[in-house]
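Indexing begins at 1, ligand by ligand and atom by atom, following the structure's order.
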Amino acid sequence: MIGFPTSFLWGAATSAYQIEGSPLADGAGASIWHRFSREPGRVVGGATGDSACDHYRRYREDIALMAWLGINAYRFSVAWARVVPDGNGTLNPKGLGFYDRLVDALLAQGIEPMLTLYHWDLPAALEDRGGWLNPDSAKWFGDYAQVLFQALDDRVRLWLTLNEPWVSAVLGYLTGTHAPGRRGLREAALAAHHLLLAHAEAVTAYRAVGRHRIGIALNLEPQYAASAQAEDVEAAARRHIYVNRWFLDPILLGRYPAEIPQLFGADWPRRALQRAGLIRAPIDFLGVNYYSRALVVDDPSGRPARGRLVKRRDAQLTAMGWEIFPQGLTEMLLWIRREYGELPVYITENGAACNDPLPERGRVLDPGRARFLGRHLIAAQEALGRGVDLRGYFAWSLLDNFEWAYGYSKRFGLIHVDFATQRRTPKMSARFYRNLICRGGANL
Ligand SMILES: CO[C@H](O)c1c[n+]2c([nH]1)[C@H](O)[C@@H](O)[C@H](O)[C@H]2CO
């Protein structure tokens, strides 16, 4: 088995709303998650990101932990409303100042920043103007991106425009389980289209001023038919278009899959098809967020892909109920290369929620997470050996954090956080990852 290149990035990932806390500090504006988490019933336990991991104030302590961990890269996101409180207008120097200091502190430890411009926390002031349903949203995002390019491109060399626009569109506008909590197939398709136009707007803006590399992070999930029955095979094929190709094709090919308008039917915004060509703004790398596979049965009532997810009885599951399926990562990486050609790839998220025990004598024994990481790194190594241009791996997540609608009930961290005291305790999986990084990934 081929080894990991010496240039390989061994990272960990977080996002602003999930770890920072202090959402309104120093002139920051509210985000849609600041609002949504306050709506009764939206988040388990009524939790909010008001404190989270208090990273806004403890970032130096957390960077010291990153240095101990031995990671050479760190993926984080910028809270748009911290930097531009009303979303499109006056800059907030204090908000930008936090990220300026964060980047400098990372570089001082030899840690490469990978900056996600948008990880779901739209400024609430823009939601009041229609949010991602407003055709102006692409320009709002481009203007915001420009601010960050000007301020940080002298030190940030890896940029991501959006984190999982599929999740933003489907959970935010179809299922309503994420902010802004709207429920409409047509709204989801329109929001998705504007998110893709926003991505292209930022990439185009970057080409004019940027000196480094820019990409996007997508949630990609191989779809398997639960049986050999034709209707299940066809349902898995439909979900593959819906989950994977709906975004990959416009971004990398400049066109929507022909099947997408059929899946959405009358809810598909016809104008979107004429503008699909605007979406393809060549990217320098693709971020792949991989967690599991889907096992699909036919479900004529399921909108829009008419497929339903099932679990194998003997499947090993994480605490999220997601099947542990490392081979799906290898297959997804190989498929991307076959389907879209040579493109550098980073695994920008991979990790597991586990029912971790409480810290005892300064230790948290989470062998399941260590095993999850090891098995997926072996799968990544397999893809490398078969020619995938894999440049790095970012474990999700550095810290236990605010897991969106699950609040603090699901823990993904390599490092345990006691949210009452903000005490950090590296878990067994952190030591496993640290030792692996020390060996450059050898002897997995
Ligand atoms: C199917 O999983 C998705 O790809 C996914 C999983 N996750 C994500 N996307 C998000 O990018 C993170 O903010 C979540 O905290 C993380 C864990 O739930």
Side-chain angles (χ1 to χ4, degrees), residues 11-20 31-33 36-37 43-44 47 49 52-53 55 74-79 114-122 160-172 175 177-179 195 215-224 239-240 242-244 246-248 286-296 309 311 317-326 328-329 332-333 336 346-354 356 369 372-373 376 393-415 417 429:
T14 64
S15 86
Y17 190 76
Q18 293 181 270
I19 68 164
E20 288 180 359
S31 74
I32 54 175
W33 268 95
F36 186 77
S37 60
V43 179
V44 167
C53 307
H55 178 77
Y74 171 59
R75 176 182 172 227
F76 64 97
S77 79
V78 171
M114 177 184 273
L115 189 155
T116 309
L117 287 162
Y118 182 70
H119 200 123
W120 304 354
D121 49 355
L122 186 75
L160 289 165
T161 55
L162 305 172
N163 178 73
E164 301 190 347
W166 186 96
V167 173
S168 296
V170 173
L171 275 61
T175 65
T177 50
H178 275 200
L195 281 155
I216 187 170
L218 300 179
N219 54 294
L220 296 174
E221 182 186 58
Q223 305 293 311
Y224 288 72
R239 270 194 57 91
H240 173 58
Y242 175 50
V243 172
N244 300 314
W246 178 14
F247 284 81
L248 275 170
L286 178 67
V288 174
N289 291 358
Y290 178 86
Y291 286 88
S292 185
R293 69 159 173 182
L295 210 52
V296 185
L309 304 187
K311 296 275 185 271
L317 307 178
T318 69
M320 293 292 278
W322 300 344
E323 182 181 4
I324 299 171
F325 196 75
L329 174 57
M332 178 52 77
L333 294 174
I336 291 166
Y346 292 87
I347 296 167
T348 34
E349 283 182 32
N350 175 246
C354 301
D356 302 330
R369 183 176 289 104
F372 182 99
L373 295 179
H376 284 81
Y393 173 90
F394 291 79
W396 184 271
S397 179
L398 175 75
L399 301 167
D400 291 337
N401 59 49
F402 178 80
E403 180 51 34
W404 307 112
Y406 289 93
Y408 299 99
S409 66
K410 302 293 181 186
R411 291 177 177 266
F412 278 86
L414 294 168
I415 295 169
V417 176
S429 57

Under 3.5 Å donor-acceptor, [X] side chain and [Y] backbone:
X    : Y    : answer
W33  : W404 : no
N350 : Y290 : yes
N163 : A217 : no

Any N or O on Q18 sitting closer than 3.5 Å to an N or O of ligand 1? yes

Please indicate whether any nitrogen or oxygen in H119 is less than 3.5 Å from any nitrogen or oxygen in ligand 1. yes

E221 versus Y291, side-chain donor and acceptor atoms under 3.5 Å: no

Please tell me whether S77 and Y17 have a donor and an acceptor in their side chains that are separated by less than 3.5 angstrom. no

Could you find the nearest protein heavy atom to atom 16 (C) of ligand 1 and give me its residue, atom name and distance? Y291 OH, 3.4 Å

Residue and atom name of the nearest protein heavy atom (relative to atom 3 (C) of ligand 1), distance in Å to one decimal: E164 OE2, 3.6 Å

Within less than 4.0 angstrom of ligand 1, does [X] place any heavy atom?
X    : answer
W404 : yes
K410 : no
Y290 : no

Looking at N219 and N244, what are the two nearest heavy atoms and their distance? O-OD1, 4.3 Å

[X]: numbered ligand 1 atoms lying under 4.0 Å from its heavy atoms:
X    : value
F412 : 17 (C), 18 (O)
N163 : 11 (O)
N219 : 4 (O)
W322 : 2 (O), 6 (C), 18 (O)

Should K311 and E323 count as an ion pair when the cut-off is N to O under 4.0 Å? no

Less than 6.0 angstrom from the centroid, inside 45 degrees of the normal: does R75 satisfy that with respect to the ring of F394? no

Determine whether Y408 and F402 satisfy the following criterion, ring pair (Phe, Tyr, Trp, His ring centres under 6.0 Å), listing intermediate values before the conclusion. CA-CA 5 Å; Y408 299 99; F402 178 80; 5.5 Å; yes

If you measure from atom 11 (O) of ligand 1 to every heavy atom of E403, E349, M320, which option wins on shortest distance? E349

Heavy atoms only, cut-off 4.0 Å: how does E221 contact ligand 1, side chain, backbone, both, or neither? neither

